[in-house]
Amino acid sequence: MLPILEKVEANINHSFHVNHLKVEHFPSPLHFHLEVEILLVVQGTGTRFLGDSVERYAPGDLVMIGSNVPHMWYSDKFPPQNGNGTISEAIYILFNMEIFGEHFWDLPELKGLKKVIEYSHRGIKLTGKTRNEVSLLMKSIATSVGISRVNLLLSILEIVASAEEYEYLASSVLQNTISPDDSDRLNKVYKHVIDNSWRGITLDEAASVANFSAPAFCRYFKERTNKTFVRFLNEIRVGHACRLLIDENHPISDICFICGFNNISYFIKQFKKITGFTPLNYRKKFAD
């Protein structure tokens, strides 16, 4: 069974955890941990799950994740492009709120930062110049040691606290009600849907993967993810369509069917509902 609680191992030489991960595919079990996380995708594409948010990610994706928020980065399963088997790369920081001491966060100068960390339970995606500034510091902290390592973390947090270029990812009403058993079921469903979204996936099929009847699965999925299974399936399919619209030259009508939709008008309606754009406008805006 895939455990949902990830225990971050302590290191006697460091007060917080930094890792520069280079792998073929990111590890993909849905998980959470007590530590606040800041993650920068350096290389790779795929689907990011955070709370009830489902979005595509690409190089430059930079997110701050609060304590105990279920999340995972599910890599696209493309052949390696650089000859060494590494097509997914990320730098991430994990830190416990207690590392600076009991009263540190009560300092008046840290009021803004404390508020940002409290709101990070929704997932905060940094954009624009803020993302660029923090990305540079993330790359520096990956190779830093000693006091400079701590200073870099504080610098990153200071920029995040004063940021105006960001967006929340997950719903504010979603709470972490996922148990280890839920994690196992949801991981199986997520993987099955992502790997098979190009074809017709029925509700009965998804329910069978989770070992539920269809009615019980509908209730279960909505309670755990804050959305219907059909909405989730459409988000995955639209995410794939976004990649194809940017990276490929297929006609929009072909992309509709490649991604598992069997009706063009329904595809366009769902695409606009999820992204705010029509497929054509999305291609014009992001494919340049």
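For the single chain, residues carry numbers from 1 onward in sequence order.
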J.: Side-chain contact test, heavy atoms from C-beta onward, threshold under 4.5 Å: evaluate it for L110 versus L157 and give yes or no.
T.: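 The answer is no; the side chains never approach within 4.5 Å.
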
J.: Determine whether C242 and T275 make a side-chain contact, defined as any pair of heavy atoms from C-beta on separated by less than 4.5 Å.
T.: yes

J.: Do the side chains of L62 and K125 get nearer than 4.5 Å, heavy atoms only?
T.: no

J.: For E205, is there an ion pair with R199 - N to carboxylate O distance below 4.0 angstrom?
T.: yes

J.: I'd like to know if the side chain of S265 pairs up with that of N263 as donor and acceptor (distance under 3.5 Å, no hydrogens or angles considered).
T.: yes

J.: Are the side chain of S75 and the backbone N or O of G46 linked by a donor-acceptor pair below 3.5 Å?
T.: no

J.: Is there a donor-acceptor contact under 3.5 Å from the side chain of R237 to the main chain of I194?
T.: no

J.: Quick one: does E167's side chain get under 4.5 Å of T127's, heavy atoms only?
T.: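 E167 reaches T127 side chain to side chain.
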
J.: Listed by chain and number, what are the side-chain contact (heavy atoms from CB on, under 4.5 Å) partners of K191, not counting sequence neighbours?
T.: Y74, D195

J.: Between E223 and R219, does at least one N-O distance fall below 4.0 Å, as a salt bridge requires?
T.: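 So E223 does not pair with R219 through a salt bridge.
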
J.: Holding to salt bridge (Lys or Arg N to Asp or Glu O under 4.0 Å), I want the full list of residues that pass it with K129, two or more places apart in sequence or in another chain.
T.: none

J.: Ring-plane angle category for F100 and W105, please: parallel below 30°, perpendicular beyond 60°, tilted otherwise.
T.: perpendicular

J.: Counting C-beta onward and ignoring hydrogens, is there a side-chain heavy-atom pair between I258 and H250 closer than 4.5 Å?
T.: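 Answer yes - side chains close enough.
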
J.: Without swapping roles, check the side chain of K114 against the backbone of D106 for a donor-acceptor pair under 3.5 Å.
T.: no

J.: May I have all residue pairs that pass salt bridge (charged side-chain N to carboxylate O under 4.0 Å, His left out) and include part of residues 253-264, sequence neighbours excluded?
T.: none

J.: How many angstroms lie between atom NE2 of H17 and atom CD of E35, to the nearest 0.5 angstrom?
T.: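 H17 NE2 to E35 CD: 9.5 Å, rounded to 0.5 Å.
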
J.: Verify whether the ring centers belonging to H33 and H71 lie closer than 6.0 Å.
T.: yes

J.: Taking only residues two or more places apart in sequence, or in another chain, which ones meet K273 in a side-chain hydrogen bond (donor to acceptor under 3.5 Å, both in side chains)?
T.: none

J.: Assess, by modelled atom type and distance only, whether the side chains of H240 and S197 contain a donor and an acceptor separated by less than 3.5 Å.
T.: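 Short answer, yes.
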
J.: Name all pairs fulfilling the ring-ring contact (aromatic ring centres under 6.0 Å, His included) condition that reach into residues 132-170, sequence neighbours left out, sorted by first residue then second.
T.: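 Found Y119-Y168, Y166-Y168.
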
J.: Aromatic rings F261 and F267: how do their planes relate, parallel, tilted or perpendicular, breaks at 30° and 60°?
T.: tilted

J.: Give me the ring orientation class for F277 and Y282: parallel if the planes are under 30° apart, tilted from 30 to 60°, perpendicular past 60°.
T.: perpendicular

J.: Partners of R131 by salt bridge (Lys or Arg N to Asp or Glu O under 4.0 Å), sequence neighbours excluded?
T.: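 By the salt bridge (Lys or Arg N to Asp or Glu O under 4.0 Å) rule, R131 matches no residue at all.
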
J.: Among all residues two or more places apart in sequence or in another chain, which pass the side-chain hydrogen bond (donor to acceptor under 3.5 Å, both in side chains) test with E98?
T.: none

J.: Given E37, which partner from the list Y92, F32, F95 fulfils the side-chain contact (heavy atoms from CB on, under 4.5 Å) test?
T.: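 Between E37 and the candidates, side-chain contact (heavy atoms from CB on, under 4.5 Å) is satisfied uniquely by Y92.
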
J.: Looking only at side-chain N and O atoms, does D76 offer a donor or acceptor that is under 3.5 Å from a partner on T45?
T.: yes

J.: Got a sec, which residues hit side-chain contact (heavy atoms from CB on, under 4.5 Å) with I159, two or more places apart in sequence or on another chain?
T.: T130, E133, V134, L137

J.: List the residues meeting side-chain hydrogen bond (donor to acceptor under 3.5 Å, both in side chains) with D61, not counting sequence neighbours, and say none if there are none.
T.: R48

J.: Give the ring-plane orientation class for F49 versus F232, where under 30° counts as parallel, over 60° as perpendicular and anything between as tilted.
T.: tilted

J.: Is the side chain of N96 donor-acceptor paired with the backbone N or O of I99 at a distance under 3.5 Å, no angle test?
T.: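 No, the answer is negative, given that no donor and acceptor are paired below the 3.5 Å cut-off.
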
J.: For N151, what residues pass the side-chain contact (heavy atoms from CB on, under 4.5 Å) criterion, not counting sequence neighbours?
T.: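 side-chain contact (heavy atoms from CB on, under 4.5 Å) list for N151, sorted by chain: I147.
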
J.: So which pairs with a foot in residues 126-145 pass ring-ring contact (aromatic ring centres under 6.0 Å, His included), sequence neighbours left out?
T.: none

J.: When you measure from the centre of the six-membered ring of F221, is the NZ or CZ of R185 under 6.0 Å away and within 45° of the axis?
T.: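 Ring-cation test returns no.
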
J.: Is it possible for you to say whether V193 and W198 belong to one hydrophobic cluster, with membership spreading through side-chain heavy-atom contacts below 4.5 Å?
T.: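 Shared cluster, no.
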
J.: In terms of heavy-atom contacts, does CG of N262 have more than 12 from other residues, nucleotides or ligands at under 6.0 Å?
T.: no

J.: With sequence neighbours left out, what residues match T278 under side-chain hydrogen bond (donor to acceptor under 3.5 Å, both in side chains)?
T.: N281

